[in-house]
Amino acid sequence: MTNSARLQRAFFNRPTLNVARELLGTRLVHIENGQRIAGIIIEAEAYLGEKDLGCHAKAGRTPRTEPLYGAPGHAYVYFTYGMHWLFNCVTQPEGVPEAVLVRAIEPTEGLAVIAKRRGRQPKHLWTDGPAKLAQALGIKGRENKLDLTASDAEIFIEKGLEIPDSRVTTSPRVGFNTVPEPWKSKPWRFQASLQGLAIS
DNA sequence: AGCACGATTAACT
DNA sequence: GTTAATCGTGCTC
């Protein structure tokens with residue numbers, strides 16, 4: 001793969017729901033020690049700014065939420081439950097605090113490394129959750145605010161499979177038990193089925 | 001300064 | 001289905 005396959009800033013500088021939908025089928029890549037650890041994004045959720053009471057930006061501009069207010073195409077990686085890291089792509093122009101949480105990938109490269117980190121679980125549970133895929137790819141707090149579109153970035157997203165609408169389902173976002181309506185029920189979670197597709 | 005809780009996960013009954 | 005693990009963050013006092 002060449003750099004030309006990497007998604008550029010214009011991809012992220014768009015309405016967040018479009019970005020979340022179109023991230024399905026793309027490839028999330030982390031280069032560690034020159035080796036690619038990667039997988040195809042199959043689940044993502046949109047977070048739409050200060051008015052969205054499920055979005056961290058509801059707290060306004062704070063040290064934690066600062067990356068959300070930055071330029072599109074940057075990583076927002078945050079720590080939760082005292083032990084987990086979650087990876088997001090910042091969307092929309094600078095000053096608009098929106099992002100997409102990557103919730104699941106289908107592992108495709110660096111399987112030995114992923115196995116070392118996730119091998120205590122069965123294979124189908126390696127990267128089927130946001131904290132699981134961050135652990136599998138070795139993404140932690142040091143990657144927060146990283147520019148995914150920089151030519152020398154070691155975390156980036158590549159163009160991948162085209163996922164037809166017939167393979168995409170939407171549903172309410174996960175972990176929203178205490179989030180008030182209407183945000184609790186917004187169908188801003190996108191999932192892709194790769195059943196029967198040849199992936200590599 | 002203190003406190004309740006979280007965009008979760010794994011292990012357990 | 002239930003719950004412990006574990007700590008940074010933002011809110012209240």
Side-chain angles (χ1 to χ4, degrees), chain A residues 12 15-24 26 28 30 39 41-70 72-92 96-107 113-146 148 155 157 168-192:
Chain A
F12 300 98
T16 304
L17 291 170
N18 293 11
V19 175
R21 160 65 178 88
E22 291 169 36
L23 277 174
L24 298 178
T26 63
L28 174 59
H30 186 195
I41 295 176
I42 56 174
E43 181 178 345
E45 282 178 355
Y47 288 83
L48 271 58
E50 296 177 353
K51 287 182 294 188
D52 175 3
L53 296 184
C55 179
H56 289 168
K58 69 178 184 293
R61 201 162 188 151
T62 68
R64 185 201 205 190
T65 63
E66 184 63 26
L68 292 171
Y69 290 82
H74 286 249
Y76 169 48
V77 182
Y78 72 90
F79 186 63
T80 191
Y81 290 104
M83 65 193 88
H84 299 305
W85 296 99
L86 275 64
F87 173 83
N88 301 251
C89 306
V90 175
T91 60
Q92 293 281 39
V96 181
E98 304 192 5
V100 175
L101 169 70
V102 178
R103 287 195 58 90
I105 63 174
E106 183 70 33
V113 174
I114 293 175
K116 196 167 181 179
R117 293 170 172 154
R118 298 285 312 147
R120 283 165 295 185
Q121 300 290 125
K123 207 167 187 174
H124 71 281
L125 300 179
W126 280 1
T127 55
D128 65 333
K132 298 181 189 183
L133 73 89
Q135 188 196 345
L137 295 189
I139 296 174
K140 298 192 219 158
R142 62 178 308 154
E143 281 80 25
N144 191 27
K145 303 188 185 184
L146 182 137
L148 304 168
I155 297 182
I157 299 177
V168 175
T169 57
T170 62
S171 56
R173 294 171 290 179
V174 175
F176 270 46
N177 294 331
T178 65
V179 174
E181 297 289 4
W183 315 108
K184 181 177 180 177
S185 297
K186 294 288 186 186
W188 292 346
R189 176 194 195 192
F190 297 82
Q191 290 176 95

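Just so it is clear, the model here is predicted, and its values are computed rather than measured. To find a chain, count down the sequence lines: A is the first, B the second, and so on, and within it residues start at 1.
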In whole Å, what is the span from the [atom1] atom of [X] to the [atom2] atom of [N]?
| X | N | atom1 | atom2 | answer |
| --- | --- | --- | --- | --- |
| A:K58 | B:dA7 | NZ | P | 6 Å |
| A:F176 | B:dA7 | CZ | P | 7 Å |
| A:Y78 | C:dT6 | OH | P | 20 Å |
| A:L101 | B:dT8 | CG | P | 8 Å |
| A:Y47 | B:dG6 | OH | C1' | 11 Å |
| A:L125 | B:dA11 | CG | P | 10 Å |
| A:M83 | B:dC5 | CE | C1' | 13 Å |
| A:N144 | B:dA7 | CG | P | 15 Å |

A:C89 vs A:F12 side-chain heavy atoms within contact, under 4.5 Å: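 Sidechains of A:F12 and A:C89: in contact.
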
Are the side chains of A:R64 and A:Y76 in contact, using a 4.5 Å heavy-atom criterion?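 Yes, at least one pair of side-chain atoms sits under 4.5 Å.
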
Please determine if A:D52 and A:R173 form a salt bridge, counting it only when a charged side-chain N lies under 4.0 Å from a carboxylate O.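 A salt bridge links A:D52 with A:R173.
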
Tell me whether A:K58 is salt-bridged to A:E50, with the criterion being a basic N under 4.0 Å from an acidic carboxylate O.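 Not counted as a salt bridge, because no side-chain N and carboxylate O are separated by less than 4.0 Å.
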
Closest listed nucleotide, where the reference is the side chain of A:A59 and the choices are C:dC11, B:dT9, B:dT8: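 Shortest atom-to-atom distance from the side chain points to C:dC11.
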
Measure from the ring centre of A:Y81 to the centre of the six-membered ring in the base of C:dA5, then say whether that distance is under 5.5 Å and the planes meet at under 30°.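 Base of C:dA5: not stacked against A:Y81.
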
Could you tell me the Watson-Crick or G-U partner of B:dA1, where both distances fall under 3.5 Å? Say none if there is no partner.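 Across all strands, the one nucleotide that pairs with B:dA1 is C:dT12.
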
With both distances kept under 3.5 Å, what pairs with C:dT6, Watson-Crick or G-U wobble?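 Because no pair has both required distances under 3.5 Å, C:dT6 counts as unpaired.
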
Can you tell me if the side-chain N/O atoms of [X] get under 4.0 Å from OP1 or OP2 in [N]?
| X | N | result |
| --- | --- | --- |
| A:Q135 | B:dT9 | no |
| A:K132 | B:dA10 | yes |
| A:T80 | B:dA7 | no |
| A:R118 | B:dT9 | no |
| A:H56 | C:dT9 | no |

Check A:L133, A:L28, A:V100 against A:I41 for a side chain to side chain contact (heavy atoms under 4.5 Å, CB included) and give me the one that passes.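 Going through A:L133, A:L28, A:V100 one by one, the side chain to side chain contact (heavy atoms under 4.5 Å, CB included) with A:I41 is satisfied by A:L28 alone.
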
A:T178 or A:L133: which one's nearest nucleotide on DNA chain B is closer to the 5' end?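 The residue mapped nearer the 5' terminus is A:T178.
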
Describe the nucleic acid contact of [X] in one word from base, sugar-phosphate, nothing, applying a heavy-atom distance below 4.0 Å.
| X | result |
| --- | --- |
| A:G175 | sugar-phosphate |
| A:R120 | nothing |
| A:R64 | sugar-phosphate |

For the residue pair A:Y78 and A:H56, is the inter-centroid distance of their aromatic rings smaller than 6.0 Å?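 So the answer is yes for these two rings.
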
Measuring only the P atom in each nucleotide, how far is B:dG2 from C:dT6? A whole number of Å is fine.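 Comparing P positions in B:dG2 and C:dT6 gives a spacing of 23 Å.
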
